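See structure below.
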There are 2 protein chains.
Amino acid sequence: MGQQAAASIRQVARAARVSVGTVSNVLNRPSVVAPATRRRVLAAIDELGFVRNESARQLRSGTARTIGLVVLDVGNPFFTDLAKGVEAAATEAGHAVMLCNSDGSRDRESRHLELLAQQQVHGVLMSPVEDDLSSARELAARGVSVVLVGHPAESEDLCSVAVDDRVGGEVAVTHLLATGRRHLTMIAGSPATRQCAERHAGGRQALRRAGHDPADLEFLEVATLDVAAGQRAAEQLLARGELPDGVFCVNDLVALGLLQVLLRAGVSVPDDVAVVGYDDIDFAAAAAVPLTSVRQPATLLGRTAADLVIAEGTGSGHQHQQVMFTPELVVRESTGHREDRGRATGGPAWGALLRPVRELGGRVGAQEPEPAG
Amino acid sequence: MGQQAAASIRQVARAARVSVGTVSNVLNRPSVVAPATRRRVLAAIDELGFVRNESARQLRSGTARTIGLVVLDVGNPFFTDLAKGVEAAATEAGHAVMLCNSDGSRDRESRHLELLAQQQVHGVLMSPVEDDLSSARELAARGVSVVLVGHPAESEDLCSVAVDDRVGGEVAVTHLLATGRRHLTMIAGSPATRQCAERHAGGRQALRRAGHDPADLEFLEVATLDVAAGQRAAEQLLARGELPDGVFCVNDLVALGLLQVLLRAGVSVPDDVAVVGYDDIDFAAAAAVPLTSVRQPATLLGRTAADLVIAEGTGSGHQHQQVMFTPELVVRESTGHREDRGRATGGPAWGALLRPVRELGGRVGAQEPEPAG
DNA sequence: GCGCGTTGTTGAAACGATTCATTAACCCGG
DNA sequence: CCGGGTTAATGAATCGTTTCAACAACGCGC
């Protein structure tokens, strides 16, 4: 113990009085080595504290047993849930996961991708920062398997695993309309990003279907998609004197920030304003007012993506696949019906769980939950 | 574009009509190469889409430009904040971070450590699953720099960056006592884990100081430390008919789960029960009842640890350091004074930061790092 | 006793980048 | 025109592992 220099396979070989080839065989194909020899080698390995040098293995074999995962925001539980799914699938297949955080920055994203390429990773899963998929394509062109996560690949030259954002937006807004809301605001990031645009489009579509003017869904843009952004957005809304009666947030972090500031300002949710979030992270249910949210199957998304990338990197004849899941609406108190109004603003609606039902929003007829009894 | 085989330095050399050594020089010491040659080489690199093979570099240089970070729970925002600090510092120093999740499992922890050792990482930061630091020591003995995060190294043979858990527990319970609570329960994981034990000990100390019986702080053990565990703990408390009037949770996730179930059951927080969490994650402020919490400087912790591990791996004569920060209590509504009762929940105890001091316990006089940016 | 298949073991040739001792080319003062 | 110094470029050795053709030893049937 305590040796500084890591022992190499050669020293193990010498200690066990065998050739390097035999040591390698003990490591990789133990069955072809005579038991006595094997034992001797294993003893030497133990004795010297030998650790396989992964760099050398990779160099020889050409590809690493690692897959990269680049997410938009590690601070968002949606992405850590996703990461858990990825890790589970990867571990089963004997791969390690390298989790990288692009934080919504194109620069950081490309730095990470470059790094992953240099590591000769088996494949890369990424939730792209922007719609411009050139960096993903470039990576794929270099021979790295790429699977987009949370962003459908429009063309067939890439794999992707996503959730239908348009349906998500539609379900959310349909629900707001059904609770009697008419002046709606959507809080989201740049409309140039697919997710925000699609969810917005879904919302407009819901309005159209219901016979309203799609322009009734105002678009309020925020720079980032975190709790702080939601807080700022709420301040902005409050500052202009008139509030919408329904707000659809592009994710739960924004919704939680918004909720917090609204409540603090004495605005009642859901009586004055209904709030719908997106992702249904664990914290949504535990919020000041439990949050209605559009749920995405984060872990499943991760698992599926990892399975795809592993298959693509391993198999020979690979067909690119675009997988699409459908989100479901989870109704909680933040969108209680207007009829519920009249309750004290303060604490006490607690415990009166409006609707514990969890409901699946389908594509065509995202049904409305029964009005609270 | 579209080439399958990654170009090697040799092919670049051929294309640019120079030797491999020159290409390597262009990559690593551009100044020693004549401008014309350099341009030619760069053009070839661009043309062939050459990507440095990190495995080969590592193999040659002996160590990777990567540091490993093994955390107890990626789903806990405390750890993602910490990870952000690590990443910031690592990136500045030109290192990549490999984020691993042990999920509180010793097995997973050692698998990750093994993997990191095989990758010849520059160093490892870890928040150990158990108090038994043998795996950390073993890794260190193999020549890998190890820094413990969130767990002080009792002996001097390891670096560590931690926050004083005893003080944290003491501050939390002192505060509960100050708001008039007398029947206290602490919800935590196994008392065999240092963090839980220390925070508990701190709490008992607070009782003793205040002239009470330390046994007044009941210890309720939960198996995991997440939202679900808090929910179960709340159900357990509710089931026995009599509630404590103050609960100290070992982290905010547990506190949030507890809070949610208590409120749902019609229990008033803080009137019936005061709740204190730990870590002060972003969601604590946005909870159903904004959560009083013991704040740890997560990002700073990460930065400091990363700086240490980078220094240790780089420098020659290295002194192991044990850095200790002091937590601060952030008071919010979940522990409103009993006197405050009757007030609407939307109360203003905000911003009344008890101890904004940030204190560094050094070994021999470790200076206070400047508050990051 | 010879050939044959089986079973274990060997050692050298990759993999791709870095390093370093050599060599080549050139400038300049004497 | 020569010697010494500077600047550029070279190519072989090296890192630790895997793979694979070659070989040794052995048992066995004829």
Side-chain angles (χ1 to χ4, degrees), chain A residues 3-42 44-45 48-66 114-115 117-121 142-143, chain B residues 3-42 44-45 48-66 115 117-122 142-143:
Chain A
Q3 71 281 359
Q4 294 294 65
S8 84
I9 210 179
R10 222 172 299 270
Q11 304 174 51
V12 173
R14 187 144 45 77
R17 301 186 313 283
V18 295
S19 71
V20 291
T22 299
V23 178
S24 178
N25 280 337
V26 170
L27 258 26
N28 302 303
R29 285 175 300 281
S31 64
V32 310
V33 180
T37 317
R38 199 190 318 156
R39 272 194 301 277
R40 228 168 54 237
V41 171
L42 288 174
I45 285 176
L48 298 175
F50 166 76
V51 180
R52 247 173 156 125
N53 184 325
E54 189 60 27
S55 317
R57 296 189 76 189
Q58 285 180 203
L59 174 56
R60 183 62 232 247
S61 70
T63 169
R65 307 182 66 69
T66 300
E114 180 66 24
L115 229 59
Q118 292 183 0
Q119 310 238 3
Q120 325 287 123
V121 291
R142 281 173 180 176
Chain B
Q3 71 282 0
Q4 295 294 69
S8 84
I9 209 177
R10 223 170 299 270
Q11 305 173 51
V12 172
R14 188 145 44 79
R17 301 185 314 281
V18 296
S19 70
V20 291
T22 299
V23 177
S24 177
N25 281 336
V26 169
L27 260 25
N28 303 303
R29 285 175 298 281
S31 64
V32 310
V33 180
T37 317
R38 198 191 316 156
R39 271 194 300 277
R40 228 167 55 238
V41 172
L42 289 174
I45 285 177
L48 298 175
F50 166 76
V51 180
R52 249 174 155 126
N53 184 326
E54 189 60 27
S55 317
R57 297 189 75 190
Q58 285 181 202
L59 174 56
R60 183 64 231 253
S61 71
T63 168
R65 307 182 67 70
T66 300
L115 228 59
Q118 293 183 359
Q119 310 239 3
Q120 325 288 124
V121 292
H122 183 106
R142 283 174 179 175

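Note that the structure is predicted; figures quoted are calculated from it, not measured. Letters go in sequence order (proteins before strands), and every chain restarts at 1.
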Quick one, [X] and [Y] - any side-chain contact, counting heavy atoms below 4.5 Å?
X	Y	value
A:R52	A:N28	yes
A:S24	A:I9	yes
A:N53	B:Q118	no
A:S55	B:Q119	no

Inset, instruction - Identify, residue by residue, the members of residues 10-18 of chain B with a heavy atom below 4.0 Å from DNA chain D, and return them in order of residue number, or none. - result: B:V18

Legend entry - Separation of A:R17 CZ from A:T22 OG1 (nearest 0.5 Å): 12.5 Å

Legend entry - A:S61 (side chain) donor-acceptor with A:R57 (main chain) under 3.5 angstrom: yes

[N] [atom2] sits how many Å from [X] [atom1], rounded?
X	N	atom1	atom2	value
B:F50	C:dA17	CZ	C1'	8 Å
A:N53	C:dC15	CG	P	18 Å
B:I9	C:dA17	CD1	C1'	5 Å

Inset, instruction - Please test B:R40 against B:V18 for side chain to side chain contact (heavy atoms under 4.5 Å, CB included), starting from the C-alpha separation and ending with a verdict. - result: CA-CA 9 Å; B:R40 228 167 55 238; B:V18 296; 3.4 Å; yes

Inset, instruction - Taking only heavy atoms on the protein side, list every residue of residues 21-28 of chain B lying under 4.0 Å from any atom of DNA chain C, sorted numerically. - result: B:G21, B:S24, B:N28

Inset, instruction - Identify, between B:S55 and B:R29, the residue whose nearest nucleotide on DNA chain C lies closer to the 5' end. - result: B:S55

Inset, instruction - Determine the contact category for B:S61: base if any of its heavy atoms lies under 4.0 Å from a base atom, sugar-phosphate if only primed atoms, P, OP1 or OP2 are that close, otherwise nothing. - result: nothing

Inset, instruction - Classify the nucleic acid contact of A:R60 as base, sugar-phosphate or nothing, counting any heavy atom under 4.0 Å across all strands shown. - result: base

Inset, instruction - Please say which of B:L42, B:V23, B:V41, B:L27 ends up in a side-chain contact (heavy atoms from CB on, under 4.5 Å) with B:F50. - result: B:L27

Legend entry - Pairing of A:R142 and A:E114 as salt bridge, 4.0 angstrom limit: yes

Inset, instruction - Take B:L59 and B:Q120 through the side chain to side chain contact (heavy atoms under 4.5 Å, CB included) test and state the conclusion after the steps. - result: CA-CA 9 Å; B:L59 174 56; B:Q120 325 288 124; over 6 Å; no

Inset, instruction - Give a yes or no on whether B:R14 atom CZ has more than 12 heavy-atom contacts from other residues, nucleotides or ligands under 6.0 Å away. - result: no

Inset, instruction - Between A:E54 and B:A34, just flag the one whose closest nucleotide in DNA chain D comes earlier from the 5' side. - result: B:A34

Legend entry - For chain B, the stretch of DNA chain D it reaches, first to last nucleotide, under 4.0 Å of its heavy atoms: D:dA8 to D:dG16

